[in-house]
Asks: 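Got a structure for you, written out below as structure tokens; questions coming shortly.
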Amino acid sequence: MGLFSRKKRPPKDTSSVEFKRYMADRISDKLIKCVLQRNDDYTDTIIGKSGFFVVKNGILEIICESNTVFCGEIDTLTIWELLSLDGVVITGYDRTVDKERTVMAYYKYYREVK
């Protein structure tokens, strides 16, 4: 690490496994305010509040109020952060309900007090 070293940048190919793992590592330390599920008729349903992400052994889990609301293999998921960087959209096969689904998780806003 030199004085002018570059910040770690995401891989350019957004469909690559490296990008998916980069995004999973990026969101792994965030707390969640709420998680919504996108339905077939383009409506959203709240499926969890007050939670966090768990990344372990190539699996991404979203846990809200001690319940797993989403669980999927990182290498097969599509993970995108919102333009406002206020949350993330995850699409992929969910092991908890055994089907493909899209969930949106909004980060909990907090500011460090000094």
Asks: How close do Cys64 and Val35 get, counting heavy atoms only, and between which atoms?
Replies: SG-CG2, 3.7 Å
Asks: Is Phe19 linked to Val88 within one hydrophobic cluster, defined over Ile, Leu, Val, Met, Phe, Trp and Tyr using a side-chain heavy-atom separation of less than 4.5 Å?
Replies: yes
Asks: Could you check whether any side-chain heavy atom of Arg95 comes within less than 4.5 Å of a side-chain heavy atom of Glu61, counting everything from C-beta outward?
Replies: no
Asks: Could you check whether any side-chain heavy atom of Ile90 comes within less than 4.5 Å of a side-chain heavy atom of Phe70, counting everything from C-beta outward?
Replies: yes
Asks: Would you name the heavy atoms of Ile79 and Lys20 that are closest together and state the gap between them?
Replies: CD1-O, 4.1 Å
Asks: Can you hop from Met23 to Val55 via hydrophobic side chains spaced under 4.5 Å?
Replies: yes
Asks: Anything under 3.5 Å between a donor and an acceptor, one on a side chain of residues 37-44, the other on a protein residue two or more places apart or in another chain? List them.
Replies:
| unit_1 | atom_1 | unit_2 | atom_2 | d |
| --- | --- | --- | --- | --- |
| Gln37 | OE1 | Arg101 | NH1 | 3.0 |
| Arg38 | NE | Asp44 | OD1 | 2.7 |
| Asn39 | ND2 | Thr43 | O | 3.4 |
| Asn39 | ND2 | Thr43 | OG1 | 3.1 |
| Asn39 | ND2 | Thr45 | OG1 | 2.8 |
| Asp41 | OD1 | Thr43 | OG1 | 2.9 |

Asks: Within the 4.5 Å heavy-atom criterion, are Thr96 and Val69 side-chain neighbours or not?
Replies: no
Asks: Measuring from Ser16:OG to Asp75:CG, what's the distance to the nearest 0.5 Å?
Replies: 10.0 Å
Asks: Honestly curious: do Ile63 and Val103 fall in one hydrophobic cluster under the side-chain, below-4.5 Å linking rule?
Replies: no
Asks: Rounded to the nearest 0.5 Å, what separation is found between the CD1 atom of Ile47 and the CG atom of Asn67?
Replies: 11.0 Å
Asks: Can you give me the closest heavy-atom contact between Asp29 and Arg26, atom names plus distance?
Replies: OD1-O, 3.3 Å
Asks: Output the distance between atom CD1 (Ile46) and atom CE (Met104), rounded to the nearest 0.5 Å.
Replies: 10.0 Å
Asks: Is any side-chain heavy atom of Leu36 less than 4.5 Å from a side-chain heavy atom of Tyr106?
Replies: yes
Asks: Side chains of Asp98 and Tyr93, heavy atoms from C-beta outward: is any pair under 4.5 Å?
Replies: yes
Asks: Quick one: which of Ile62, Ile59, Leu60 gives a side chain to side chain contact (heavy atoms under 4.5 Å, CB included) with Cys71?
Replies: Ile59
Asks: Measure up the Phe53 and Tyr107 rings against each other and bin them: parallel (under 30°), tilted (30 to 60°), perpendicular (over 60°).
Replies: perpendicular
